[in-house]
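Right, one structure below, let's go through it.
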Amino acid sequence: MFPEADAVSPLLHNLNPEQRAAVTLPNEHALILAGAGSGKTRVLTTRIAWLLSTGQVSPGGVLAVTFTNKAAREMMTRLQAMLPLNVRGMWIGTFHGLCNRFLRAHYKLANLPQGFQILDTQDQLSAIKRLMKQFNIDDERFPAKQTQWFIAGCKEDGLRPNMVEVHGEDDRKKVEIYQLYEEQCQREGVVDFGELMLRSYELLQGNDPIRDHYQRRFRHILIDEFQDTNKLQYAWIKMFAQPRDGSPGAQPNSVFAVGDDDQSIYAFRGARVGNMADFVREFQVAHQIKLERNYRSYSNILDSANELISHNRNRLGKNLRTDQGAGEPVRVYEAPTDLAEAQWIVEEIRHLVRGDGPEGGFDRKEIAILYRSNAQSRVIETGLFNAAVPYRVYGGLRFFERAEIKHALAYLRVLENPSDDTSFLRIVNFPPRGIGTRSIEQLQDAARAAGCSLHDAVSATTGKAGANLTAFVAKIDVLRERTIDLTLREIIELVLQESGLVEHYKAEREGADRVENLQELVNAAESFVSQEGFGRDAVALPVDELSPGMLRQSPASQGLDPSQPEINEPAPDYVPPDAETGETLSPLAAFLTHAALESGDNQAEAGQDAIQLMTVHSAKGLEFDCVFISGLEEGLFPHENSLSDPAGLEEERRLMYVAITRARKRLYLSHSQTRLLHGQTRYNVRSRFFDELPEGALKWLTPKHQTFGGSAFGYGAGYPTTRGGSYGGGFQRESIASPPVPAQKAAPSHGLKQGMKVFHTKFGEGTVLSIEGQGDDARAQINFPRHGIKWLALAVAKLTPVP
DNA sequence: TGCAGCAGGCTTTTT
DNA sequence: GCCTGCTGCA
């Protein structure tokens, strides 16, 4: 179909038939089901490169969306390696980064100040707390965290306060807070992450010329990790897709979505796997391609992953396969305690690093220890530390989230936008300058009465406290004056000195690290400036992007090959109003945006050859030669909070699937009989996931014995296994590995199951964690939220099941 | 204003 | 069990 394909065949080299088919699909909507390790990013980037080099699209006609900055950067880098090309005209970035870019270009239409600043999660929470205090809202009844969660949830669903369905008084109040919060943000000229998305969406939806313009402009819309999109993000994508109404001369654009329903692990933050099915239906997707060939793992690992995930019902259906051999079996270890589990892991790692096995020694950075929740890392860290094995923990505070950095940024933000009250409050008395709670309260009252910002309300204050405030504001205003002709680096250096931050931390006993971080902020700014155009996401559109000229040009004239025929419709003589000004953001505002959108690396020293510790969630998208999945216990993994509903359990299983498929060569699974959690020893049963793995791929390093909560009693939560029946799925499996276990008694008389909710007259409602013993000796371990975890003798305790 | 001591919470996370 | 955040006292 495209003769040029020959000329670009180097691009298509080394692609398997399915990948190649995906890359060269015609200009129609497509869904690519890309399994773990199937070369997803490669297909996505090669697709763009292929479209560009065959002249089907100009760089300006590409819209490619990812979730993380890392993924966006990787795409950009790979693309540049494939084609000699200026990627600046392309819209490649994260959802939020692109929304930011869009809103900067159309800030007037979006009803925002040009230099609007972005609230991160911390900022948002403190803005909500401040608001609730101001309006005397009972924070026992409406905890700020929950309110934040509510607001974010509404925005993820695309709902403004007036659109939220209200059931009862509490709802009404929450919506009222939401409304007040919106007004506060608008007044202060700040937007939160959800707002970036929602406001972009609303502008596209409500403004036909703008929408029309972008629909014509973006010929190809590509989306990574489609299974993680939430309702609003999907609706946002739909805004860019031209309706295929068959109107004469229409040149519809196309959406190319890449995803893997089996790796959808972010439902808790609003992701909707259902978007994949909706997309197929609503867009009448003509092409669905499955990438099932895995280039990462040996087949014992893949078989385990396939078998496990086959226990999920709601799947689009996909099976990974590999040409590599079986490889080592998946090793399973049961430890008596979490400490012993950690020690075993450390011991195995020493063997792996030393290279006792056939593969020779592994690099430490090729070994990962994964766990379900962060709390599990401590005991492993202790083990590694005692054995003097270098390790690196992912997660935790990132650079731009550190307190000293947030303080410095708050000074910068107040310089940029004096009505940013959140930032004002953060620094008004930090470092301490004699402005106490009372004077701040007075100032807040004055600001409220006058309907102005805290900064502007200062001039109305009187007295001694007023003097301190006046001095502070004067200092800020003088600083602002002095920064006018300075470079970004100079501005930051000036602020660090004049704010007293550096001095303050120098005087602190443990402040050396913080001073160092502040210095690092100067470096961060420096490298930000030296990046092309201050970083693509942060700045307003470069003038050329939406210049009237461009709109009239044929796209081919900016593309690679001038001889290309014109592909796009000539754009109408319409220029989106905001874009014609060519205004750009100040470097400071751009840098602040960058800091909010890209929270920076974890501080851990990169580059060092160290064992990698992280949660399964953060491991998504990564791969390692050797992977340990630890703490595979009922209640932990799958997590007890997810046991009560089938959807939750399926997500836990997908999480396990993600964990397994991280491993290239070796996979180790471990669990412990007891574990210290929240200061209490918990007795845990091994995870049901063990019973969902192919026995032939496993090697049990410790005897596999019958567990009570597992096979004998069936699993709780009323979730039938695919082998049918809630009783014995694991049991049948058991008999393959070991001689039949001496007749387990039939269903226990107490009728309790793990995961079940029960009611106790004294302790209230609780969840059954595990059951031990038979008949009169039977005991159950029950977690009562209000009284902690108890062992109760079932013959004595009066427990009633709660439906 | 600043620090010490105590209560409460606690799954996963990117932007 | 440990960290965060708030209250109360000097």
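Letters A, B, ... are given to chains in the order of the sequence lines, protein chains preceding strands, and every chain is numbered from 1.
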Where each residue is assigned the nucleotide of DNA chain B containing its nearest heavy atom, which of A:N429 and A:E651 is assigned the position nearer the 5′ end?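 First, find each residue's nearest nucleotide; the 5'-ward one identifies A:N429.
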So which one's nearest nucleotide on DNA chain B is more toward 5', A:A596 or A:S373?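 Between the two, 5'-proximity favours A:S373.
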If we ignore angles and hydrogens, is there a donor and acceptor under 3.5 Å between the side chains of A:T77 and A:E74?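 Side-chain D/A pair, A:T77 to A:E74: absent.
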In whole angstrom, what separates [X]'s [atom1] from [N]'s [atom2]?
| X | N | atom1 | atom2 | value |
| --- | --- | --- | --- | --- |
| A:E156 | B:dT14 | CD | P | 14 Å |
| A:K620 | B:dT11 | NZ | P | 21 Å |
| A:Q680 | B:dC10 | CD | P | 15 Å |
| A:L649 | B:dT11 | CG | P | 18 Å |
| A:L677 | B:dC10 | CG | C1' | 9 Å |
| A:H639 | B:dT11 | NE2 | P | 6 Å |
| A:N69 | B:dT14 | CG | C1' | 9 Å |
| A:I265 | B:dT14 | CD1 | C1' | 12 Å |

Output yes when at least one side-chain N/O atom of [X] is less than 4.0 Å from OP1 or OP2 of [N], else no.
| X | N | result |
| --- | --- | --- |
| A:T615 | B:dT13 | yes |
| A:R378 | C:dC3 | yes |
| A:N374 | B:dC10 | no |

What is the ring orientation for A:W236 with A:F240, classed by angle as parallel under 30°, tilted 30 to 60°, or perpendicular over 60°?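 It falls in the perpendicular class, over 60°.
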If you check the [X] side chain, which of [options] turns out closest?
| X | options | value |
| --- | --- | --- |
| A:R372 | B:dT12, B:dT1, B:dT15 | B:dT12 |
| A:R398 | B:dT14, B:dT13, B:dT11 | B:dT14 |
| A:P432 | B:dG2, B:dT14, B:dT11 | B:dG2 |

Using a 90° cut-off around 0 for syn, call B:dT11 syn or anti.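 Glycosidic conformation of B:dT11: syn.
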Short question: side chain of A:S377, backbone of A:N374 - any donor-acceptor pair under 3.5 Å?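 Looks like yes, one N/O pair under 3.5 Å.
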Between B:dT12 and A:Y266, is there a base-stacking contact, meaning the centre of the base's six-membered ring lies under 5.5 Å from the residue's ring centre while the planes stay under 30° apart?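 One would not call A:Y266 stacked on the B:dT12 base.
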Using the six-membered base ring of B:dT15, report whether A:H96 stacks on it, requiring centroids under 5.5 Å and planes under 30° apart.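 No; centroid distance or tilt outside limits.
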Across the strands shown, which category fits [X] at heavy-atom distances under 4.0 angstrom: base, sugar-phosphate, nothing?
| X | answer |
| --- | --- |
| A:E652 | base |
| A:F67 | sugar-phosphate |
| A:L196 | nothing |
| A:S618 | sugar-phosphate |

Is it true that the NZ or CZ of A:R392 lies under 6.0 Å from the centre of A:Y394's six-membered ring and within 45 degrees of the ring axis?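 Flagged: A:R392 positioned over aromatic ring of A:Y394.
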Six-ring centre of A:F116, A:R104 cation under 6.0 angstrom, axis tolerance 45°: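 The answer is yes, since A:R104 meets both limits relative to A:F116.
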A:E633 and A:R682: salt bridge (charged side-chain N to carboxylate O under 4.0 Å, His left out), yes or no, with the steps? CA-CA 11 Å; A:E633 293 138 39; A:R682 288 178 47 155; over 6 Å; no
